[in-house]
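Keep in mind it's a predicted model, so treat the numbers as computed, not measured. Order of the sequence lines fixes the chain letters, A, B, ..., with proteins taken first and strands second; residue numbering starts at 1 for each chain.
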Amino acid sequence: MNWNYFIKRFGQAVLTLAATITLSFVLYHAMPGSPAESLKNVILSQQAASGSGTVDLERLNRMVSMYTNIQPDEPLHVQYYQYIHQIVIEGSLGTSIYENKPVTELIFERVPWSMFISVYALTIGYSLSILIGSVMAYTEKSRFDSVSSSIIIGLNSVPYYIVGLLLIYVLAIQNEFFPYGGRVGSNVAAGFNVTFMQSIIWHAVLPVVSMSMLGLGGALTMRGNAVRVLGEDYLRVATLRGLRRSRIATQYVGRNAILPMYTQFMIGIAGVFSSAVIVEQIFTYPGVGLLMYNAIQTQDYPLLMGSLIIFTTVTVIGIFIADVTYGFVDPRISAGGSDE
Amino acid sequence: MSDPIFEVRNLDVSFAGSRGTSRVVRDVDLDVYREETLGIVGESGSGKSMLASALLNAVVEPGTTTGSVTYRPPDGPAVSVLELSEQELRRFRWEEIAMVFQGAMSSFNPVMRIRRHFRETLQDHNRNIEAGLERAESLLESVYLDPDRVLDAYPHELSGGMKQRALIALSLLLEPQVIVMDEPTAALDLLMQRSIVSLLEELQATHDLTIVFITHDLPLLTKLADRLTVMYAFQLIETATVDTILYDAAHPYTRALLSATPDLDVAVDEMHAIDGTKPDPVEAIAGCSYHPRCPLADEQCVRTEPPSTNHSEHHTASCFHHERAPAAVPIRGDDLEEADR
Amino acid sequence: MDSSIHESLLEVAMSSRDDAVDLEELFESSDEYDPVPRAERLRRWLDLSVLAPARVAINDWRALIGTIILGCYLVVGTVGVVVVERPYSDVAPRNAPPFQNLEYILGTDTVGQPIGALLVHATPAMLKMIFAGAMVSVGLAALVGLLSGFMRDTLVDTVLMSITDVIITIPGLPLVIVLLAIFEPENPYMVGVLLGLDNWPGLARTVRSQVLSIREEAYVEASKIMGLSTLTILRRDLLGQLMPYITINSALSSRRIIFESVGLYFIGVLPFTTFNWGVMMNMAYQNHALTRPDRLHYLLFPMATIFLMSFGLVLFSQGMDSVFNVRLQARHASTTDGEVTSDE
Ligand SMILES: Nc1ncnc2c1ncn2[C@@H]1O[C@H](COP(=O)(O)OP(=O)(O)OP(=O)(O)O)[C@@H](O)[C@H]1O
Ligand code: SF4
Ligand SMILES: [Mg+2]
């Protein structure tokens, strides 16, 4: 492992997180009026709903600070320092205005669920892509090749949420094959038992399938890569060397064609997490996406910013892991250290 | 030395394309003798590489190869190469005949160490890995490479010349009877070319190796080869020993080729010094394929294809007017006589 | 259809060698360098970057169909809104099924607005949004990529590329959602701009590496042809070389803007303002179009509209990809063929 490369990637990850946190700080201030002003109304309406009395400015500032980690009466740089300090050192993302609970608590309860469907969607989407793409390349110019190309171009034109809606219509409403909404059956006891697991998987199928549409465009990339590798000198030499077909298919074609997709896969992580907001809303799947959606509806800014920061953190970690492991699968990277 | 290890008869290679079918090897007959070095020369695009690939039944998709290629191993029955099953072919390649092909700058899988290439070759041919890797080390040494360094390197860590030499070592790993080298020295500097050539001569002596050597580098071939065969327009037009070709070439094209190579100690990059345009693989050429460029061409040449005739033992050429060729196409430069053959 | 699909995908195509030569001539003939009047230069520029690709595009069925589809949307968005009456509640019976009446051929919604007219009148806002979004993402990408490429290895380059990498990593949709939630834009141009903000880094990187490689080539060429400055050659080559990426990425970013905006309108994150396909889907969904088969058309037609437009964009980009690919290959053929590798 090349340390330079490692440090560079790590620096990149830290920079991204810092940028996101800073952005959220800036956005608090970019809200129409000051953070205090814009939050005042929200807080007041919440207070009114819960029946408390009037609020004076000092108390309001304290509340703004409690909810958002921003202390409106301090100078800007102090505010910024304290904001960062709260998040990085204290691990606090503020308090949800609507739920009146720490944002981190609300989010962390949901992160595993979002991860669960996203990771599956990504894995399934890309595995299918790689499979279809390789078969297309091997059967280049055949009927299968052109039909699959057309289908994939077609699927590329359908937004994943429309796929989701159609799936709901056909598989959950017209035919009740799959449940529609939620992440586990309401009458299933939680715990480490088969029924519970089954129920979880059953509820995840449709969201996962619709999210995995995002990875499917990869099939064309894979096809292009494999066709390119099939024309490489080293492939010809491998055949001339009388190597086994299976070895050539996996170690030569497979490995070299999949490698360039790794980067795409990494960026795909961000894409799939992004789609969670819409997909989870459609399937009422209670993950971070749905939480974020609810935060918008209730103008729960701390929760909104917290979700953004968590979404970014998870993506950054994913990309960092992928980046670092990439050095192991492709020897050229750790040696060259080029990011071109 | 007239015991053939390869007998090629009526060999044709063609590609179906949008403009029509290209026949890139046309009705080739050729014997390769055991333990000789046979040089194939000809201008770029004349079909040399295709002919070489056909020896291993390895013409690239979607080309089709017809005719017959018979391989006679030192012991055991003759093998009809074009009729081997996939499994038999896999065995045949690299164990009986290995090929170092043109432009082999990227002959190694970029994500695998060189050692792995040697190891997997041994594995897939069911050889003893220990003994094989030892042999690999001595082969690498004989191409002037440091085995420890090279085996542990990834391809991108080696220079072009080092890769080329590593590939030559790899090609000898399974002790093949025949090795086909398609311009193996094109990417090497002069010094390295010389050392590869002397290495090949050495190997040939110690391993009873038959070498088929393709190059643009006529001077190199005259030093290395025992016999030469000249390819023009997808056909072999003259075959003879090196001396016969140099001093007694019968075909006007061969003579033109020689005269376009004024100094046999200096390699020419490309044989394009001959006037006229290159033949098109899609066209069927009536009569002698060389007639559009031949100074001796007459009615007969345009209408009928000249048969391949024996001029002496081991000397065949396809030309109606070969007696008039020396006068019509003089080989320029008297220094030829002094050339170090 | 077989072969044409195939060609674009086959990036390192060997099959199109012959075409490549013709194309090379087609492109090269118009941009050789000598001092020419401005009008002539403009004409040549037009020929190089617009007409020539257009001529080629006609021969690629995907580019052609894609262009036709997109053209139709443009017509609907401009002429259509004049021809088709603006829909109001109860101008037609409520919940009418499609294909029954020529007045409201696609049926009506729950308040009696013809669905066809709704779709037509949503088009201009969509087009504005797409236009703004694509302009912002492609514009930013070009700006950052060019700047970074020309100032390679300077602080500017480092900073710009770091920003690019940061934005690639931040999940786009959550970021956009936060922006939208805070600024609550209503103007379709504004929505487009915000959506375009997370969409430029990939192209910026491509532009940068293109600039770098052209710079390299220009340098080599300038040293070969005395009297031509590197800058002259750069200027000559840059536009031609970047055009493919810009065209294709405009199409792809447009598709992305459609996907994101419709999705956000559909789940109701974006404020309901004017007519909008996503809003229509949302209304349909709220009105149980999924569970009541007699209302399904209310949901399906906007979906189909979105699909068709994306399909046009995807076809267009695929077509353009193969059109330009042939040309790029031709350009690079000459520089890669004569590669000399030295030993050790
Ligand atoms: N894959 C292919 N499909 C169709 N025709 C091909 C293909 N590869 C090569 N050819 C044609 O076959 C002919 C012979 O090619 P070949 O590579 O054997 O020439 P060569 O004599 O080895 O030339 P060089 O000295 O340049 O290596 C050429 O005219 C070439 O255009
Ligand atoms: S046969 Fe005729 S055309 Fe052909 S080489 Fe001989 S003289 Fe020339
Ligand atoms: Mg060749």
Worksheet item: Closest approach of H125(B) and G242(A), non-hydrogen atoms and distance?
Response: NE2-O, 3.4 Å

Item to complete: Using a cut-off of 6.0 Å, state whether more than 12 heavy atoms not belonging to F320(A) lie near its atom CZ.
Response: yes

Worksheet item: Between E86(B) and chain A, which part of the residue has a heavy atom less than 4.5 Å away: side chain, backbone, both or neither?
Response: side chain

Worksheet item: When you look at CZ of F10(A), are more than 12 heavy atoms from neighbouring residues, nucleotides or ligands closer to it than 6.0 Å?
Response: no

Worksheet entry | Close side-chain approach of E120(B) to R241(A), heavy-atom, < 4.5 Å | yes

Fill in: Under 4.5 Å from a heavy atom of chain A, the part of L170(B) involved
side chain

Item to complete: Would you mind telling me which of I97(B), V111(B), T121(B) has the largest number of heavy-atom pairs within less than 4.5 Å of chain A?
Response: V111(B)

Worksheet entry | R113(B), part contacting chain A, at a heavy-atom distance under 4.5 Å | neither

Discussion item. If I compare all heavy atoms of L240(A) with all of A58(B), which pair ends up nearest, and what's the gap?
Written reply: CD2-CB, 3.5 Å

Item to complete: Starting at OH of Y234(A), measure out to NE2 of H117(B) and round the result to the nearest 0.5 Å.
Response: 9.5 Å

Response to the item:
Closest non-hydrogen atoms of V60(B) and R236(A), given as atom of the first, atom of the second and distance, are CG1-NH1, 3.5 Å

Response to the item:
Under 4.5 Å to a heavy atom of chain B? For R247(A) that would be side chain

Worksheet, complete the sentence: The single option from S171(B), S106(B), S107(B) that satisfies side chain to side chain contact (heavy atoms under 4.5 Å, CB included) with V237(A) is S107(B)

Item to complete: For E141(B), look at atom CD and say whether over 12 heavy atoms of other residues, nucleotides or ligands are found less than 6.0 Å away.
Response: yes

